[in-house]
K.L.:
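Let me begin by handing over the structure; questions about it come next.
By convention here, the first residue in the shown sequence is residue 1. Ligands are counted one by one from 1 in listed order, and the atoms in each one are counted from 1 as well. Just so it is clear, the values below take in all heavy atoms, side chains as well, and ignore hydrogens, waters and symmetry mates.
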Amino acid sequence: MKIIMLGAPGAGKGTQAKMIADKYGVPHISTGDIFRANIKNGTELGKEAKGYMDKGLLVPDELTVRLLLDRVAQDDCSNGYVLDGFPRTIPQAEVLDSELTKLGDSVDYAVDVDVPDENIINRMSGRRACLNCGATYHIVSIPPKKEGICDVCGSDLVCREDDQPETVTNRLKVYHEQTQPLIEYYKAKGVLRTVDGTLPMTEVFDAIVKILG
Ligand code: AP5
Ligand code: ZN
């Protein structure tokens, strides 16, 4: 099963993608997490990506597409995957489609987690992330058991650098200009499914499970 998560920054794509990956036994692939891991490890890719991410801009397609195609070619992706944060532009979607077509394959579902812009700033300002294992919390709606500590691995939780209000505003603008057109793109292919992302996390997940079966 090949699933794409669509939605604005902070809509809950990562939160739902992890739950889908656990339930359906497919890898969760987040291009944002891959970039953040590269930044943490001080790689060349990380240094290059950081300049764009800190401004709320997209990392150029040349860097992102190769990274994603290498990742989905790995053995653990043979039964499918859930993509979170890719594709983010029409050219990225076209490359993914043409690579899948070569394999006689295609995307099964593009799940749009729909959250209005008004809710996004609150989601971002309350988000706390574990840079060690990738778990994500929200100080009000999805708090960790112990304040500031990751439930999964016990590491300290931090605010993401790109969650500052000015950067969030820019990310939303970039989303509307470059990523939102993918909703029509996948609708035209008949694989778009929309869920109400303003519902509590478990209800959003129930809606997704109904779709995926
Ligand atoms: P990326 O890491 O993909 O960020 P994003 O798309 O902006 O999405 P987020 O991770 O911010 O949010 P999310 O939708 O996953 O929400 P979450 O589940 O955390 O990308 C970062 C940057 O990397 C980009 O800006 C770009 O520069 C670069 N990049 C990445 N991929 C790229 C690509 N393909 N091409 C080019 N550049 C790329 O939830 C948010 C908060 O809300 C959390 O606190 C969570 O706990 C809470 N929450 C979740 N669900 C609910 C709920 N139902 N109710 C209440 N709270 C909830
Ligand atoms: Zn952790």
Side-chain angles (χ1 to χ4, degrees), residues 4-20 28-39 45-46 48-69 71 82-93 95-96 111-115 119-144 148-163 167-168 170-175 178-179 182 195-208:
I4 287 171
M5 304 304 291
L6 296 175
K13 303 180 295 295
T15 301
Q16 297 300 328
K18 287 185 192 103
M19 295 163 82
I20 295 170
H28 163 216
I29 301 176
S30 156
T31 38
D33 284 352
I34 297 174
F35 287 134
R36 280 184 287 279
N38 275 274
I39 292 172
L45 174 68
E48 196 157 349
K50 188 174 186 329
Y52 297 98
M53 291 171 74
D54 284 352
K55 295 192 191 83
L57 300 174
L58 295 185
V59 178
D61 286 350
E62 307 84 83
L63 288 181
T64 312
V65 164
R66 180 53 28 219
L67 175 119
L68 189 278
L69 294 182
R71 178 64 188 88
V82 49
L83 299 186
D84 159 20
F86 188 101
R88 241 188 173 88
T89 62
I90 297 278
Q92 289 183 12
V95 173
L96 178 65
V111 178
D112 179 30
V113 183
D114 187 28
V115 175
N119 303 28
I120 294 293
I121 304 275
N122 164 40
R123 291 266 178 110
M124 305 292 211
S125 60
R127 171 161 52 189
R128 296 294 179 271
C130 174
L131 294 183
N132 183 46
C133 76
T136 303
Y137 304 86
H138 187 280
I139 49 173
V140 178
S141 53
I142 309 170
I149 304 292
C150 178
D151 292 351
V152 181
C153 73
S155 299
D156 288 342
L157 299 176
V158 296
C159 295
R160 255 171 57 176
E161 285 191 26
D162 59 350
D163 280 349
T167 318
V168 169
N170 214 15
R171 286 163 65 196
L172 273 172
K173 185 167 171 279
V174 167
Y175 167 75
Q178 300 194 52
T179 307
L182 290 172
V195 293
D196 179 356
T198 64
L199 297 172
M201 177 178 80
T202 50
E203 291 181 32
V204 180
F205 187 57
D206 289 346
I208 293 176

K.L.:
If the cut-off is 4.0 Å to any non-hydrogen atom of D162, which atoms of ligand 1 fall inside it?
P.N.:
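Going through ligand 1 atom by atom, the ones under 4.0 Å from D162 are 21 (C).
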K.L.:
Show me which atoms of ligand 1 lie under 4.0 Å from any heavy atom of R171.
P.N.:
4 (O), 5 (P), 7 (O), 9 (P), 11 (O)
K.L.:
Classify the contact between P200 and ligand 1 as side chain, backbone, both or neither, using a heavy-atom distance cut-off of under 4.0 Å.
P.N.:
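Backbone only.
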K.L.:
Just to the nearest 10 degrees, tell me the angle at the Zn ion (ligand 2) spanned by C133 SG and C130 SG.
P.N.:
110°
K.L.:
Taking distance alone, with N or O pairs closer than 3.5 Å, would you say G56 contacts ligand 1?
P.N.:
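So ligand 1 has no N or O lying under 3.5 Å from an N or O of G56.
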K.L.:
More than 12 foreign heavy atoms under 6.0 Å from CD of E161: is that the case here?
P.N.:
no
K.L.:
Using a plain distance cutoff, I'd like to know if R160 has any nitrogen or oxygen under 3.5 Å from a nitrogen or oxygen of ligand 1.
P.N.:
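Yes: some nitrogen or oxygen of R160 is under 3.5 Å from one in ligand 1.
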K.L.:
Does L199 have a non-hydrogen atom less than 4.0 Å from ligand 1?
P.N.:
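Flag set, L199 near ligand 1.
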K.L.:
Just need the protein heavy atom nearest to atom 36 (C) of ligand 1, so name the residue and atom and give the distance.
P.N.:
V59 O, 3.1 Å
K.L.:
By number and element, which atoms of ligand 1 are closer than 4.0 Å to a non-hydrogen atom of G85?
P.N.:
31 (N), 32 (C), 33 (C), 34 (N)
K.L.:
Show me which atoms of ligand 1 lie under 4.0 Å from any heavy atom of Y137.
P.N.:
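Close to Y137: 43 (C), 44 (O), 46 (O).
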K.L.:
For ligand 1, which atoms, with element, lie under 4.0 Å from some heavy atom of L57?
P.N.:
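The atoms of ligand 1 under 4.0 Å from a heavy atom of L57 are 26 (C), 27 (O).
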K.L.:
Relative to ligand 1, is A129 under 4.0 angstrom through side chain, backbone, both or neither, heavy atoms considered?
P.N.:
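Neither part.
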K.L.:
For atom 9 (P) of ligand 1, what is the closest protein heavy atom, and at what distance to 0.1 Å?
P.N.:
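In this structure, atom 9 (P) of ligand 1 has R127 NH1, 3.3 Å as its nearest protein heavy atom.
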K.L.:
Search all heavy atoms of V152 against all heavy atoms of C133 and return the closest pair with its distance.
P.N.:
CB-SG, 3.9 Å
K.L.:
Distance to 0.1 Å, residue and atom name: give those for the protein heavy atom nearest to atom 24 (C) of ligand 1.
P.N.:
R88 NH2, 3.9 Å
K.L.:
Looking only at distances, can you tell me whether any N or O atom of R36, backbone or side chain, sits closer than 3.5 Å to an N or O atom of ligand 1?
P.N.:
yes
K.L.:
Any salt bridge linking R128 with D163? Criterion: basic side-chain nitrogen under 4.0 Å from a carboxylate oxygen.
P.N.:
no
K.L.:
Search all heavy atoms of P9 against all heavy atoms of Y175 and return the closest pair with its distance.
P.N.:
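Taking P9 first and Y175 second, the nearest heavy atoms are CD-CB, 3.7 Å.
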K.L.:
Give the atoms of ligand 1, by number and element, whose distance to some non-hydrogen atom of T31 is under 4.0 Å.
P.N.:
30 (C), 31 (N), 32 (C), 34 (N)
K.L.:
What is the closest protein heavy atom to atom 54 (N) of ligand 1, and at what distance does it sit?
P.N.:
R123 NH2, 3.5 Å
K.L.:
Touching ligand 1 at all, G10? Heavy atoms, strictly under 4.0 Å?
P.N.:
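In this structure, G10 qualifies as a contact of ligand 1 - some heavy atom is under 4.0 Å.
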K.L.:
With atoms numbered from 1 as shown, which atoms in ligand 1 lie under 4.0 angstrom from a non-hydrogen atom of M201?
P.N.:
52 (C), 53 (N)
